[in-house]
Amino acid sequence: MLQRPSSLQDLKVLFRSSHLCHRYLSSNTYFPCKPIMTTTATRSTAFESGCLYSHLLHSCNTLNSLKQIHSSLSTTGLIKQNPHLSAQIIIKYSKFGDPGSARSLFDVIRGSNSFLWNTMIRAYALGNHSIETIELYLLMRKTGVGPNNYTFPFVLNAYASRSSLFEGKMVHGDVIRTGFESDMFVEAALVDMYAKCGDTDDGWRVFDKMSKRDLVSWTAMITAYEQSEKAEESLVLFQKMQQEGFLADSVAMVSVASAVSQLGDVRRAQSVHGYIIRNGFLEDVFVGNSIIAMYAKCGNVEGARLIFDLMKERDGISWNSMLSGYTQNGQASEALLLFDQMQVLGVKPSPVTALIVVSSCAYLGSLHLGKKIHGFIINSKMGVDITLWNAIIDMYAKCGDLDSAIQMFNNSPQGERNVISWNVMITAYGVHGCGQEALKLYSQMQEQGIEPNHITFTSILSACSHNGLVSEGRKIFEDMRKLSVKHEVKHYACMVDMLGRAGFLDEALDLIMEMPSEPSDEVWGALLLACRIHGKTELGEFAAKNLFHLEPDHTGYYVLMSNIYAASSRWQDVGKLRQDMKSKGLKKPAALSVIEFGGVVHGFHTADNSHPQCREVYRKVEKMVVEMKMAGYVPDISCVLHDMEEEDKEHILNYHSEKLAVVFGIMKIEHGMPIQVTKNLRICNDCHSAFKLISYIYQRKIVVRDANRFHHFEGGSCSCKDYW
DNA sequence: ATAGGGTTAG
């Protein structure tokens, strides 16, 4: 039996130990329920008892014990007397994820005291239950309980999170009517609400009127501009804030770093980095993460990696930011290396991580790695949502494994398949030469009630384009009007590409002239490509003129035009274009073909001497050419767009990067396995006919992913049906 | 007694 403490002081000392609290309560000797309320010493005992419960609540750490304390308190009647205790319970319930119990208690004790209402609203806000927060606020108003400066920030937050501008403005009205419009907390919440609802102008009006601002209100406005992609304004405001004598904190720096990311300005990135170092904010994980993203978006991945390596503490976002930084900068293989390191260190990848890594594999076109990562995803039992699922379909398609893509598409989780899934699959069929299947999918999705969106139309139109389905494409372009999907520039580009490839150059040109907006470089580029295919020098010059005006530094267009000149032996014009490029410092991208073997990526340039086994490969090429010639192969020297002797032309054809890679594959990869090559440019005509023959003579499946599409060579023909 | 501003992927 415990001694009854003789004074309040003793009681408090005793209560410091939660362990004793429990015993004290359960002994039930000195605080029997009823006597408390009836003794003459009621007030002081009630107070003592309140202290006891308060301490108990403080140290309570399970939902069950909380419920016990709650019911014990209910019988004492204390719960109605002491709003402080009730508030503690309400908040605890919410922290344990049981806002329902909090609400039941609240409904029993609520009166006209704003404090309890605020507490309940806070409890909802704690668990991000914005609907309930809003409902309670409306009830509060209906009941006639006055909201105050503590109420509004919660309510505004709730509307902000739902982007409900109209309702948010109503609350703004309530703020003015109740006279809290000059409260700094309320004002900051208003700025933030307007920002999150996309109305920076009204946010600015509130901010501008503030008589006193602190760091939080400045940050709210800086973030508002940053989030609505007004990075310049955001940075100007940051400057002003400093002039007013405020030193930024880590929260402010995150927004500033994001603003710089949007601008992609390396010099400003460095100055932000400097500011952060000087003020020691790098300790903050949030700051580190946003600096990684900032450097990555400014094209300085090395800088990003430096920060990543220096960080004392990393969370999932740090890894994801670094991984996606590599991917954004075309360094997908670095991303995959980092992903390996992540596993070595035992860091658990999230579904977002998986999404980034899967898209890296798609970018690289590495089926080997893609399969490995898919296996990893399955084994890790992480939640695979439809976004990740779609990314995996896309990865298989881009890695040349159309069958796996189809299988994934057909098995997509029940009821979750969305418009993106269909778009991905339609694109996949399109680039793999299955135009009819793409069309079938396009009508199937509509039968199933999925509305095609603007991306669906780029997918299906480019599928028509790749497969020469002109009349179908024209019809679909018309369909868009019926389905009230706007014709965007990219759709025109697809149409011009489709018509142009098929030889309807006049119709393509007419379409360009009819465009409601200015034709983009993609549109003219599609026309230029068509001119290259069909040898239309003059029209090509016209397209090129527009292109050189729109994109003076785009190497690809110079190369295309110079190829057109070369095809008609206008070597002088070729020379002139080369001169132009040289004076602009533009270089023709070197052809590169890669093939995976033994877990290593082998790359070949044209007439490459750098590969350790190049001599062997060259010997094999020459031997194969002899065999192919016996089977009727005639080298297509029109593919050599240099002014040289015919014999040299034939010679150089043998050393095209894709031939070297494919022959390397034939030498190394066991018979029966497909040979998969990825080339950074379009496959050349001669290589294309050579591969058809090789697939027949040597009975090998060859898959080439070029800059535009896939070519599956098998039994003497290609999936593109020679239309590409 | 209770409150306002933050990073990645798409």
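Chain letters run A, B, ... following the sequence lines, proteins first, then strands; residues in each count from 1. Basis for what follows: all heavy atoms, side chains included, without hydrogens, waters or symmetry-related copies. Keep in mind the model is a prediction, meaning the values are calculated, not measured.
- Within 6.0 Å of NZ on A:Lys372 lie no more than 12 heavy atoms contributed by other residues, nucleotides or ligands.
- With centres under 5.5 Å and a plane angle under 30° as the test, the ring of A:Tyr150 is not stacked against the base of B:dA3.
- Less than 4.0 Å separates DNA chain B from at least one heavy atom of each of the following residues of residues 165-184 of chain A: A:Asp183, A:Met184.
- Of the candidates A:His129, A:Arg103, A:Glu135, A:Glu132, A:Arg103 is the only one forming a side chain to side chain donor-acceptor pair (under 3.5 Å) with A:Tyr124.
- In summary, of the residues considered (A:Asn453, A:Thr458, A:Asn418), a side chain to side chain donor-acceptor pair (under 3.5 Å) with A:Asn423 occurs for A:Asn453 alone.
- Every pair passing ring-ring contact (aromatic ring centres under 6.0 Å, His included) that includes a residue from residues 334-354 of chain A is listed here, sequence neighbours excluded: A:Phe339-A:Phe376.
- The aromatic rings of A:Trp422 and A:Phe409 sit perpendicular to each other, their planes meeting at more than 60°, with 30° as the lower class boundary.
- A cation-pi geometry, defined here as NZ or CZ lying under 6.0 Å from the six-membered ring centre and within 45° of its normal, holds between A:Arg314 and A:Phe308.
- Between A:Ser318 and A:Val285, the closest side-chain pair of non-hydrogen atoms falls below 4.5 Å.
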| message | Within the 4.0 Å limit for protein heavy atoms, which parts of nucleotides 5-10 of chain B are touched? Write it as a string from 5' to 3', B for base, S for sugar-phosphate only, - for none. | response | BBBBB-
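- In this structure, A:Phe152 reaches neither bases nor backbone, as no heavy-atom distance under 4.0 Å exists between it and the strands shown.
- The aromatic rings of A:His273 and A:Tyr295 sit perpendicular to each other, their planes meeting at more than 60°, with 30° as the lower class boundary.
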